[in-house]
Amino acid sequence: MRKKFLSTQTVSLNEFLKAELCKVEELASHEVSNSKIRRLIVAGCVSVNGRTVTRPGFELRGKSIVECDIDIEKFFFEKQPDDIDFTLTEKDVLFEDEYIICVNKPAFLPVEQTIVGNRKNLHDCVVDYLWKKNPSFRNPPYVGIMHRLDRETSGVILFTKQRVANKSIFEQFEKHTITKTYIAVACGKPVKDFTVENTIGRISAKSQAAKWGSLPESRGGLYAKTAFSKISGVNVKGASGDFCLVHCELFTGRTHQIRVHLSEKGLPLLGDTLYGGKDFKRIMLHSDCLVFKHPVSGEEMTVRAGSPDFNNL
């Protein structure tokens, strides 16, 4: 994709490009970070008045025609150095029948495809697992994504195996009738059990790292409720300071909900530097249990990943 812009002010090239690229329709739903802009320029993909410029701090003066070539897939794909190479096996399957499959997701693995299709992800791992079990299938088996976990979050996640199961599971998530419990390690001393109930939404600009926080409903905030209990002190190998183990029950499923609610109560997750937590090898959050109605039989299902040993995750 080639884009052309006109600059009429005195401004550095990287600042100008960041402001302009955030307005481009094809890029609007993604984060256009400073590092991505710098790499684009250094790679020789940007020209000013017909001449290639590779210095991000290059100063634009007066009228300048800025052109850049962007390969969208490469521009947004940043494979994390600690992405894992994972193969789903029977020991990772927590429950399976002909309609649904629940698996124990490892940390450092995206749930679904990123913009670049060759990045390892859990959905593809489930498809591969089911296909190997049924090698007679001519096409990849169907696997429906019903909900998501952050890349660094481990624990139980549910997929459908037949489209007939989608409506029931989708409605249960949509109406918040599925009970979702998590186990977290938070920075701070133990406190009494508490519940947070407010409205939250994205509070960062599109050009910055996606961050959520308290936001009035009038500005797009959505209702969110989380109950925090069984809060006790815990020692974490490789980390110094006060930490506590927290059980979290989600009554809604908003983006970054647990991370926001704990942070705003002064107990940010260990490893969650975006919300004020201490730097660590990962964000210490684990999906412990899902309670839901089976999409066909209506039977109440309880699927548990079990309490993790955070020191070995």
Side-chain angles (χ1 to χ4, degrees), residues 80-84 104-111 147-157 176 179-204 208-215 221-291 304-313:
Q80 300 293 331
D82 49 2
D83 275 355
I84 64 169
N104 193 1
K105 175 190 174 299
F108 305 115
L109 183 70
V111 167
H147 64 129
R148 292 160 180 80
L149 297 176
D150 288 343
R151 172 183 166 274
E152 292 186 34
T153 301
S154 57
V156 60
I157 184 169
H176 311 302
T179 300
K180 295 169 285 184
T181 56
Y182 289 73
I183 298 174
V185 175
C187 300
K189 295 181 178 180
V191 297
K192 293 181 179 180
D193 297 355
F194 63 95
T195 297
V196 179
E197 191 171 3
N198 63 356
T199 55
I200 64 176
R202 179 163 179 160
I203 58 175
S204 61
Q208 299 174 339
K211 185 177 183 180
W212 273 252
S214 294
L215 194 69
L222 297 173
Y223 175 72
K225 180 181 178 181
T226 317
F228 300 97
S229 62
K230 302 178 184 177
I231 306 171
S232 58
V234 63
N235 293 319
V236 180
K237 184 179 178 181
S240 59
D242 293 317
F243 305 104
C244 52
L245 199 66
V246 185
H247 287 247
C248 321
E249 181 176 349
L250 283 171
F251 292 88
T252 53
R254 308 306 179 195
T255 302
H256 293 185
Q257 181 174 320
I258 291 174
R259 298 166 66 181
V260 170
H261 281 172
L262 282 175
S263 174
E264 292 184 349
K265 284 294 184 179
L267 294 169
L269 292 175
L270 178 60
D272 192 4
T273 56
L274 179 64
Y275 290 98
K278 289 186 177 182
D279 190 22
F280 199 56
K281 58 185 177 181
R282 61 164 284 199
I283 295 174
M284 302 297 267
L285 185 63
H286 176 78
S287 173
D288 173 52
C289 182
L290 287 177
V291 180
R304 189 180 298 276
S307 300
D309 177 359
F310 276 113
N311 286 318
N312 292 313
L313 289 177

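These figures come from a predicted structure and were not determined experimentally.
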Kindly compute the distance separating CZ (Arg254) from CG (Leu222), expressed to the nearest 0.5 Å. 4.5 Å
Which pair of heavy atoms, one from Lys278 and one from Cys187, lies closest together, and at what distance? N-SG, 3.5 Å
On a heavy-atom basis, the closest approach of Leu269 and Ala184 is CD2-CB, 3.3 Å
How long is the gap from CG on Asn104 to OG on Ser287, to the nearest 0.5 Å? 8.5 Å
Validation row: Met284, Leu245 side chains within 4.5 angstrom (heavy atoms): no
Once ring-ring contact (aromatic ring centres under 6.0 Å, His included) is applied, do any residues pair with Phe251, and if so which ones, sequence neighbours excluded? none
How would you list, by chain and number, every residue that makes a side chain to side chain contact (heavy atoms under 4.5 Å, CB included) with Asp193, sequence neighbours excluded? Ser229, Ile231
Under a 4.5 Å cut-off applied to non-hydrogen side-chain atoms, are Thr181 and Leu250 in contact? no
So Arg304 and Asp288, side-chain contact (heavy atoms from CB on, under 4.5 Å) or not? Walk me through it. CA-CA 6 Å; Arg304 189 180 298 276; Asp288 173 52; 2.9 Å; yes
Please give me the minimum heavy-atom distance between Arg148 and Ile157, naming the atom from each residue. CA-CD1, 4.3 Å
Would you say Lys211 and Tyr275 make side-chain contact, with heavy atoms under 4.5 Å? yes
May I ask you to test the Glu249-Thr226 pair for a side-chain heavy-atom distance under 4.5 Å? no
Expected output: side-chain Lys180 to main-chain Cys248 donor-acceptor under 3.5 Å: no
Evaluate the side-chain proximity of Phe194 to Lys265: yes if any heavy-atom separation is below 4.5 Å, no if none is. yes
Considering residues at least two apart in sequence or located in another chain, which fulfil the side chain to side chain donor-acceptor pair (under 3.5 Å) criterion with Asn198? Ser214, His261
What one should report as the nearest heavy-atom pair of Gly188 and Leu267 is CA-CD2, 3.9 Å
Decide yes or no for Glu152 and Phe108: does some side-chain heavy atom of the first lie under 4.5 Å from some side-chain heavy atom of the second? yes
Closest non-hydrogen atom pair, Pro268 against Gly277: CB-N, 3.5 Å
Spacing of CD1 belonging to Ile183 relative to NE2 belonging to His247, to within rounding of 0.5 Å: 4.5 Å
Are Tyr182 and Leu149 packed together at the side-chain level, in the sense that at least one heavy-atom pair is separated by less than 4.5 angstrom? yes
Is there a side-chain contact between Asp272 and Ser263, using heavy atoms and a 4.5 Å cut-off? no
For Thr252, is there any backbone N or O sitting under 3.5 Å from a side-chain donor or acceptor partner on Lys225? no
Please report the shortest heavy-atom distance between Val111 and His147, naming the atom on each side. CG1-O, 4.3 Å
When rounded to the nearest 0.5 Å, the distance separating CG of Leu285 from NE2 of His256 is 10.5 Å
Apply side-chain contact (heavy atoms from CB on, under 4.5 Å) to residues Asp150 and Ile283 and explain how you reach the verdict. CA-CA 9 Å; Asp150 288 343; Ile283 295 174; 5.8 Å; no
